[in-house]
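See structure below.
One-based numbering along the sequence shown.
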Amino acid sequence: MSISSEHKPLGKQVTGSLHTLSPIVELNVGGEMYTTTLSTLKKHPGSKLAEMFTGQPKLRTDSEGRFFIDRPGTYFKYILEYLRSNQVPTQCIQDVYKEALFYDIEPLIKQLEDSPQIFGELVARRQFLARVPNYSENIELMIRIARAEAVACRQSSVIVCVVRTEEDAARCQDALNSLDMDKKSVVKFGPWKAVPSISDLLDCIQMDVEAKGYKISFQPHVAEKGFRFKSHDFFYKFLFTWW
């Protein structure tokens, strides 16, 4: 069976053995076209990519007979280059890492995890955030509050309380109670047991909200008079700009 035969219907299931195919393979990866060899695709036998082209195929073909993989085609060129020459990409690291995980190419995964970008994210930042209770849930809560207050507004704000220690949490309790009585929503982060500071956590919050497509900034929030501490040490106002 030839993969270059014409007039195949879109999405037709390939039923023959891949061993009968030409060693030259044409691919359609998310709309990007590639030509390579079976041996390149099967270079790492334990990978998901190799399994796609081993034994009874489960791949579909496009209207031109090219094997179709429903993944971002832009980054497949880096995967293919690694398979061809063991060249580890130096750009689009985060995106290529996601594709390496999908295709389960273990040697590439390990080498990418040693890169400063992935190492810093996996070993440093994510390990820190894992020690901040309910971090991901609080990010989603901030977004829900901001969206609820965005009606007919250019900006909406969310008050965030960030406390690093149990002692700081106790000091903030009066202020939190007062804000609650005023029916003002406050999202509380912390305390945590890790080296990074409050400013580090604030940067993480901004980074992760922006990663979801929102335009956001923050500034110290000055609480009402009567609090026995400097409220701006713990309270911040995050501004979501909608237009």
Donor-acceptor pairs under 3.5 Å, side chain of residues 200-208 to any protein atom, not counting sequence neighbours: which ones?
residue: Asp200; atom: OD2; partner: Ser197; partner atom: N; Å: 2.8
residue: Asp200; atom: OD2; partner: Ser197; partner atom: OG; Å: 3.2
residue: Gln206; atom: NE2; partner: Glu210; partner atom: OE2; Å: 3.3
residue: Gln206; atom: NE2; partner: Ile216; partner atom: O; Å: 3.2
residue: Asp208; atom: OD1; partner: Arg125; partner atom: NH1; Å: 3.4
residue: Asp208; atom: OD1; partner: Arg125; partner atom: NH2; Å: 2.7
residue: Asp208; atom: OD2; partner: Arg125; partner atom: NH1; Å: 3.2
residue: Asp208; atom: OD2; partner: Tyr135; partner atom: OH; Å: 2.6

(request) Please assess Tyr78 against Ile93 for the test side-chain contact (heavy atoms from CB on, under 4.5 Å), listing each intermediate value before the final yes or no. (result) CA-CA 10 Å; Tyr78 300 108; Ile93 300 296; over 6 Å; no
(request) State which residues pass ring pair (Phe, Tyr, Trp, His ring centres under 6.0 Å) with Phe76; sequence neighbours excluded, sorted by chain then number. (result) Tyr34, Tyr103
(request) Calculate, to the nearest 0.5 Å, the distance between atoms OG1 and NE2 belonging to Thr40 and His44 respectively. (result) 10.0 Å
(message) For the backbone of Gly190 and the side chain of Lys188, can you confirm whether one donor and one acceptor N or O come within less than 3.5 Å of each other?
(response) yes
(request) Taking Arg131 for its side chain and Pro191 for its backbone only, find out whether a donor-acceptor pair lies under 3.5 Å. (result) no
(request) Measure the CD1-CE distance between Ile69 and Met52 for me, rounded to the nearest 0.5 Å. (result) 5.0 Å
(request) Can you measure from NZ (Lys43) to OH (Tyr82) and round to the nearest 0.5 angstrom? (result) 7.0 Å
(message) Which heavy atom of Pro89 sits nearest to which heavy atom of Val96, and what is that distance?
(response) CG-CG1, 3.7 Å
(message) Return the NZ to CD distance between Lys193 and Glu166, rounded to the nearest 0.5 Å.
(response) 7.5 Å
(request) Answer yes if Met33 and Ile79 sit in the same cluster of Ile, Leu, Val, Met, Phe, Trp and Tyr residues linked by side chain heavy atoms under 4.5 Å apart, and no otherwise. (result) no
(request) Begin from the C-alpha positions of Lys98 and Tyr75 and carry the test side-chain contact (heavy atoms from CB on, under 4.5 Å) through to its verdict. (result) CA-CA 10 Å; Lys98 292 178 184 177; Tyr75 310 113; over 6 Å; no
Enumerate donor-acceptor pairs with a distance under 3.5 Å from any side-chain N or O in residues 140-153 to protein atoms, sequence neighbours excluded.
residue: Glu140; atom: OE2; partner: Lys212; partner atom: NZ; Å: 3.0
residue: Arg147; atom: NH1; partner: Tyr214; partner atom: OH; Å: 3.2

(request) Hey, could you give me the CG/CD distance between Leu122 and Gln127, rounded to the nearest 0.5 Å? (result) 8.5 Å
(request) Indicate whether the side chain of Glu26 and that of Thr35 have a donor and an acceptor atom separated by less than 3.5 Å. (result) no
(request) Would you verify whether the NZ or CZ of Arg171 falls within 45 degrees of the ring axis of Phe234 while also being under 6.0 Å from that six-membered ring's centre? (result) no
(message) Rounded at 0.5 Å granularity, tell me how far CD in Glu106 sits from CG in Leu108.
(response) 10.0 Å
(message) Using modelled atom types and a 3.5 Å cut-off, is there a donor and acceptor pairing between side-chain atoms of Ser178 and backbone atoms of Asp174?
(response) no
(request) Report yes or no: does Asn134 contribute a side-chain atom to a donor-acceptor pair with the main-chain N or O of Asn138 at less than 3.5 Å? (result) no
